[in-house]
Structures are given as C-alpha cells and as structure tokens.
Colleague: 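Provided herewith is a single structure, encoded as structure tokens, for subsequent inquiry.
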Amino acid sequence: MPGVQADKKQPPAAPSRPAPSVHVRGLRAFYGRAERVKGIDLDLPANEVTAIIGPSGCGKSTMIRCINRLHEEIAGARSEGRVLLDSVNIYDPAVDVIAVRRAIGMVFQRPNPFPAMSIFDNVAAGPRLSGVRRERLRQRVQDALESAGLWHEVHDRLSQPALALSGGQQQRLCIARALAVEPEVILMDEPCSALDPTATLRIEELLDDLKSRVTIAIVTHNMQQAARVADRTAFLLDGELIEVGPTQEIFTTPRDRRTEDYVTGKFG
Amino acid sequence: MLLCPAMAHAETTATEADLRQIGRSGGGLRRMADRFGDRALLGLTALASLAAVALIALVIDRVVAGSMPSISKFGLGFLWHTTWNPSLSSGVRDSNVFGAGVLVYGTLVTSAIALLIAVPLGIAIGVYLSMLSSGRLAAVIGPLVELLASVPSVIIGLWGIVVLAPFLHSTIEPALHSALGWTAIFGEPGTTGLGIFNAGVVLSIMVLPIIAAITRDLFLNVPRELKEGALALGATRWEMIRTVVLHSTRSGIIAATILGLARALGEAIAVTQTIGAGTAIKASLFANGDTLGSRIAEQFIGAVSKLQVSSLFYCALILLVMELMANIGAQLIAGRYARLQGAVR
Ligand SMILES: Nc1ncnc2c1ncn2[C@@H]1O[C@H](COP(=O)(O)OP(=O)(O)O)[C@@H](O)[C@H]1O
Ligand SMILES: [Mg+2]
C-alpha cells in the first residue's frame with residue numbers, strides 16, 4: 001500500500017505531492033451492541049481539509065477513529081464497512097494495521113505528549129519504531145518540528161521534557177510527532193478545543209501549509225474554525241451523515257433543514 | 001376534610017418538621033452529641049497514629065539498647081567479620097566472638113535472587129493483567145495472584161523443602177552447573193537442594209504478588225490517550241508498552257521493586273527452612289548460607305550468652321536500618337512518581 005516505505009525522505013520545501021484520498025463506505029461502528037455510527041459514506045479528497053461538524057456525542061470521534069483503525073482498540077468496540085485509502089481497503093485482512101496507522105496519523109483532542117520524554121524523543125518516537133537512526137533521525141525530527149511551526153521555539157532545548165511546553169506548543173509537538181512518521185493522511189479530533197485563541201490560530205495556519213502534503217480531516221465543534229480552514233465540511237447527526245459539500249455551501253446554502261439549524265446555532 | 005391537604009403535603013411537612021426540630025432542644029442535644037463525637041473521633045484517630053509512631057520509636061530504642069554491648073565490643077567490623085561462635089568454653093579459638101558478615105552476605109544475595117526472578121515475572125503478570133488479558137480473565141487471575149501474598153510464609157517454606165529442594169537438586173542445579181559452572185556462582189550442586197539459591201527462589205514467590213499487583217495498577221493508571229498516542233504512531237502493542245507504559249511508570253516500578261526488596265530482606269522463617277544454616281561465605285549459590293532475619297529466628301530463644309543475645313540484637317538493628325532505607329527510598333521515588341503523574345493529568 002502507498003506510503004508504507006517510511007524512509008522516503010521529504011525535502012522540506014517540496015512542491016505539493018499528491019496525497020491519497022480517503023473513501024469511507026457503509027461505515028458502521030459499535031460499542032458493544034450500541035450502534036454509534038450508522039452507515040456513513042464520506043470522501044476525504046486528496047490534499048484537502050475536510051471538516052467534520054456536529055453536536056457533541058453524534059459520533060464524530062468514533063467515525064474518524066475508524067479511519068486509522070483505533071476504534072477497534074477499545075474493548076468491545078467493532079466496526080463494519082470499508083475505508084479505502086485510494087483503492088486499498090484498510091480493513092482488508094491482508095492489510096497490516098501498523099502500516100495503516102503509519103500512513104494515517106492522528107492528533108488528539110487533548111495534547112498527549114509522552115511524559116518523562118524529551119521534546120526530541122517525543123518527535124523521534126515514531127521514526128524510531130521504523131528503524132530510523134542517528135543523523136537521519138535528527139533530520140527527520142527537525143523537519144517535523146519545522147513543519148509544525150515549532151522548530152524556532154524549541155531548537156535550543158530539544159532535550160527538555162515535553163511537559164515543560166505550553167498547551168499550544170504541546171499540541172504542535174503532537175502534530176510534529178505525527179508528521180515525523182511521514183503519514184499521507186492526518187486525522188485531527190478537535191485539536192484546538194483545549195487551546196487559547198492564539199494557539200488555535202497558529203494551528204489553523206499550519207493546516208494550510210500541511211495540506212500541500214497530506215489529506216486532512218479535522219473534527220471541530222467550532223463553526224468559525226470549520227469555515228476558516230476547511231475546503232469541505234461534513235455534518236453528522238446521531239451517527240449519520242446528514243450533508244457534505246464545499247464549506248461555503250454548507251454554511252450559506254445548506255440543502256438539509258437540520259444542517260441549517262445546526263450551523264445557525266439553533267441547536268448543538 | 002382538613003386532613004386531606006395535610007396528607008397531600010405529608011412529605012414536605014415532614015421535612016419542615018425536621019428542620020424545625022433541629023432548632024429546638026432535641027436538635028441542640030444532637031448537635032452537642034455530634035460535636036462531642038467529632039472531638040472523640042479526632043482524639044481517637046490521632047491517638048492511634050501517635051501510638052504507631054511511638055511503637056516504632058520503642059522498637060528502635062529497644063533494638064539499639066539491646067545491641068549496645070555487641071556494638072561496643074565488635075564495632076562496625078561486625079558487619080563484615082564472618083566468625084559467629086557462641087561457644088563459651090575458653091579452649092575454643094574465637095569463642096564468644098560474633099560477626100554478621102555471612103548473614104549480611106546471605107541477606108543481600110537471597111534478596112537479589114528473589115528480585116531477579118520476581119521483578120521480570122511480576123512485571124509480565126502486571127502487563128498481562130492490565131493490558132493484554134480479556135477483562136473477565138483478569139478478574140479471575142488478578143485476585144488469585146494477590147491470594148498468593150496471603151499464603152503464610154511457613155507454608156511456602158515447607159513447599160521449598162518438600163517440592164522445590166528435590167527439584168532444584170535433581171534438575172535445575174545440575175543444568176545451571178553444566179551450562180554456567182565456569183562462573184563459580186553455579187558450583188557443584190549441593191546434597192539436598194537446600195541453600196542460598198533455594199531460599200532466593202522461595203523469597204521470589206513472596207515478592208512476586210507485590211510486584212505483580214503494584215505494576216498492574218501502575219499500568220492501568222497510564223492514561224488511555226497516551227497508549228492510543230503510541231498506537232496511532234504505528235506502534236505494536238509491545239512497542240506501545242515499552243515506549244510509553246514502562247517508560248512513564250519507571251519510578252513506580254522502581255518503588256515496587258524496593259517494596260519487594262523490603263519484603264525479601266526481612267523474611268525469616270521461610271529462609272530458615274530452606275537456606276540450610278550455613279556458617280561461611282561460599283562462591284556457589286548452591287551452598288548453604290544464612291541471613292540476618294533467619295539467624296535471629298534460629299538462635300534468640302536458645303542464646304547462651306549475653307553477648308550472643310546482644311549480637312542478635314545487632315543483627316536486628318542492621319536489618320532494621322536496611323528496611324528503613326528501602327522504605328524511605330520507595331516513598332521518595334513514589335512521591336516523585338505521583339508528581340509526574342500529576343503533571344500528565
Ligand atoms: N468508549 C465508549 N464506550 C461506549 N460508548 C462510547 C464510547 N465512546 C463514545 N461512546 C458513545 O458513542 C457516541 C458517539 O461518541 P463520540 O464519537 O465520542 O461523539 P463526538 O466525538 O461526536 O462527540 C456517544 O453516544 C458516546 O456516548
Ligand atoms: Mg469527540
């Protein structure tokens with residue numbers, strides 16, 4: 001499958017390279033018997049930012065955690081349907097779940113740097129797993145930190161504990177940690193919900209640069225954020241996809257009444 | 001007719017009545033009783049805590065006082081001199097001379113063997129119970145492992161004599177000797193299977209549940225988002241455990257190890273049963289030996305001289321200091337661990 005050869009070096013100023021697109025088909029997700037994602041079809045077009053919005057508890061996290069197969073790590077959780085990375089079904093029994101997660105990175109709601117590890121070691125954790133060492137590792141860490149807009153703030157204190165960073169820096173560190181694996185898709189689950197407006201803005205600016213290299217899905221409860229960063233927006237309600245389209249249209253001329261009610265703040 | 005509305009509001013009127021009660025004399029009495037109860041509670045709990053502290057002080061005082069004659073006679077050299085001769089007949093060389101060298105050595109070596117076996121095994125059990133087994137299986141095995149901690153040590157010692165000794169003697173010791181005999185610590189197998197090695201294995205059985213239970217709880221407490229953070233990078237389960245779980249619980253694991261050490265250092269009876277009461281330091285782990293705790297248990301009742309009693313107290317003092325250091329070490333490290341965890345949340 002694409003992107004599994006993890007050591008392909010990416011020149012920092014590379015022009016946009018085509019990332020894969022993601023196609024979710026007939027996805028259903030369960031916790032025990034409770035069905036929380038009820039048959040979703042959704043495309044994440046290559047090199048675009050797709051925002052996923054919807055009221056709390058509607059299944060946004062559950063759905064994107066199916067895209068990198070993290071959902072199945074929860075005891076009693078399972079899913080049905082297909083998720084295609086370009087044309088490869090990541091749920092195919094022949095596909096290695098490890099390779100899936102290296103190709104599809106994730107940034108979580110709360111910054112989760114590894115405690116008791118330095119800034120450097122946090123970013124190096126992923127590449128180290130795939131055997132990158134020494135100078136190549138150092139370069140990879142630097143590239144990732146630069147891409148996450150954090151290099152200038154931390155280059156002289158790479159050996160300090162990651163927990164010494166501010167919340168916004170920690171979240172960009174987590175973005176760098178995900179980028180260091182050189183994924184082709186990045187999933188972000190409300191990455192700014194624990195951050196202040198300035199830190200939020202920095203991450204939103206990042207997305208614009210990143211999408212030249214990766215395909216991005218971002219879950220957000222913040223409609224302004226979706227409007228600012230997303231090319232396309234998908235609206236979920238109660239485990240179902242109600243509507244997806246160009247962000248502009250979703251916010252100005254939604255086709256579905258429920259979408260309109262949600263984006264105009266009538267509920268949520 | 002008049003009763004009906006009152007019935008409808010029975011609930012509210014009842015609580016109102018209660019509220020009014022509290023303002024009256026009955027409530028006042030209760031409040032006084034409560035206040036007295038609180039005072040009594042405070043007093044009793046404080047007293048109990050003080051009693052515990054006083055007890056430690058008394059024990060230390062008694063042990064120090066008891067060992068004074070031996071301390072003034074043998075000084076610090078007691079720690080490494082290896083003669084232990086309670087004989088009083090003046091014809092015998094070194095009669096009534098005591099040194100704890102053999103015992104200190106035996107205590108340290110048996111404890112080291114116990115930890116070498118129990119720490120990796122205990123961590124493996126902790127990993128399995130907290131992250132790999134299905135919830136239902138863990139619910140069965142977990143309590144069983146903890147049950148192991150409640151088997152009286154004298155019974156484990158018996159098992160060491162009856163089962164472990166013949167097995168070590170016939171199988172393990174010859175195998176280790178033929179593979180690693182050149183290292184001298186795996187010398188010729190003894191005649192019985194009793195000895196330092198056996199005692200170390202027996203101690204490891206007592207240390208194991210401590211390590212397993214503590215590390216399991218440590219691993220369960222690693223936040224889920226950290227474990228998922230590692231998995232999302234493409235870590236395998238083992239890589240996730242190694243890079244995130246073991247790494248972020250290092251100090252907790254060390255603290256658990258020290259607690260296990262404290263348990264191993266102080267055990268007396270099971271060691272007495274299995275160590276074979278040796279009187280010299282031998283290179284081979286299969287040789288007989290003895291430990292501080294075991295020697296005290298063996299000889300205190302039958303001691304023949306004041307100096308021997310005092311020397312046993314001196315042994316107790318050494319043991320006490322070792323245990324206190326281990327406990328303080330564990331607490332210091334656990335405190336550091338708690339702060340680290342606090343920073344994560
Ligand atoms: N680990 C879990 N076990 C059981 N139910 C869960 C779990 N996580 C989420 N759910 C349920 O699944 C539904 C969707 O949750 P989630 O995907 O987290 O929603 P969102 O991210 O849109 O707020 C909710 O009803 C939630 O209660
Ligand atoms: Mg969510």
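Values reported hereafter were calculated over all heavy atoms of this structure, with side chains retained and with hydrogens, waters and symmetry mates removed.
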Colleague: Please step through side chain to side chain donor-acceptor pair (under 3.5 Å) for the pair A/Tyr31 and A/Thr62, ending with a clear verdict.
Modeller: CA-CA 10 Å; A/Tyr31 294 100; A/Thr62 306; 2.9 Å; yes
Colleague: Using a 4.5 angstrom heavy-atom cutoff, name the option from A/Arg128, A/Met117, A/Met106, A/Arg69 with the most pairs to chain B.
Modeller: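 Maximum pair count with chain B is reached by A/Met117.
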Colleague: Please answer whether the main-chain N or O of B/Arg216 pairs with a side-chain N or O of B/Tyr128 as donor and acceptor at a distance below 3.5 Å.
Modeller: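 Looks like no, no N/O pair under 3.5 Å.
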Colleague: Of all the residues in residues 230-245 of chain B, which have a heavy atom that comes within less than 4.5 Å of a heavy atom in chain A?
Modeller: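 Within residues 230-245 of chain B, the residues under 4.5 Å from chain A are B/Ala230, B/Leu231, B/Ala232, B/Leu233, B/Gly234, B/Ala235, B/Thr236, B/Arg237, B/Glu239, B/Thr243, B/Val244.
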Colleague: Can you tell me which portion of A/Phe114 sits under 4.5 Å from chain B's heavy atoms? Options are side chain, backbone, both or neither.
Modeller: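 A/Phe114 touches chain B through backbone and side-chain heavy atoms alike.
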Colleague: By side-chain contact (heavy atoms from CB on, under 4.5 Å), which residues pair with B/Trp80, not counting sequence neighbours?
Modeller: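 side-chain contact (heavy atoms from CB on, under 4.5 Å) list for B/Trp80, sorted by chain: B/Leu76.
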Colleague: Which residue pairs pass the salt bridge (charged side-chain N to carboxylate O under 4.0 Å, His left out) test with at least one member in residues 124-138 of chain B, sequence neighbours excluded?
Modeller: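 Those involving residues 124-138 of chain B do not exist here.
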Colleague: Do any N or O atoms from the side chain of A/Arg36 and from the backbone of A/Ala29 form a donor-acceptor pair under 3.5 angstrom?
Modeller: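 Not at all, since once roles are kept as given, no pair shorter than 3.5 Å links the two residues.
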Colleague: With salt bridge (charged side-chain N to carboxylate O under 4.0 Å, His left out) as the rule and sequence neighbours excluded, what pairs involving residues 200-215 of chain B come up?
Modeller: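 Residue pairs with at least one partner in residues 200-215 of chain B: there are none.
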Colleague: Sort A/Ile74 into side chain, backbone, both or neither according to what part of it lies under 4.5 angstrom from a heavy atom of chain B.
Modeller: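 Side chain only.
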Colleague: Mark yes or no: A/Arg138 above the aromatic ring of A/Phe120, with NZ or CZ under 6.0 Å from the six-membered ring centre and no more than 45 degrees from the axis.
Modeller: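 Not flagged: A/Arg138 not positioned over aromatic ring of A/Phe120.
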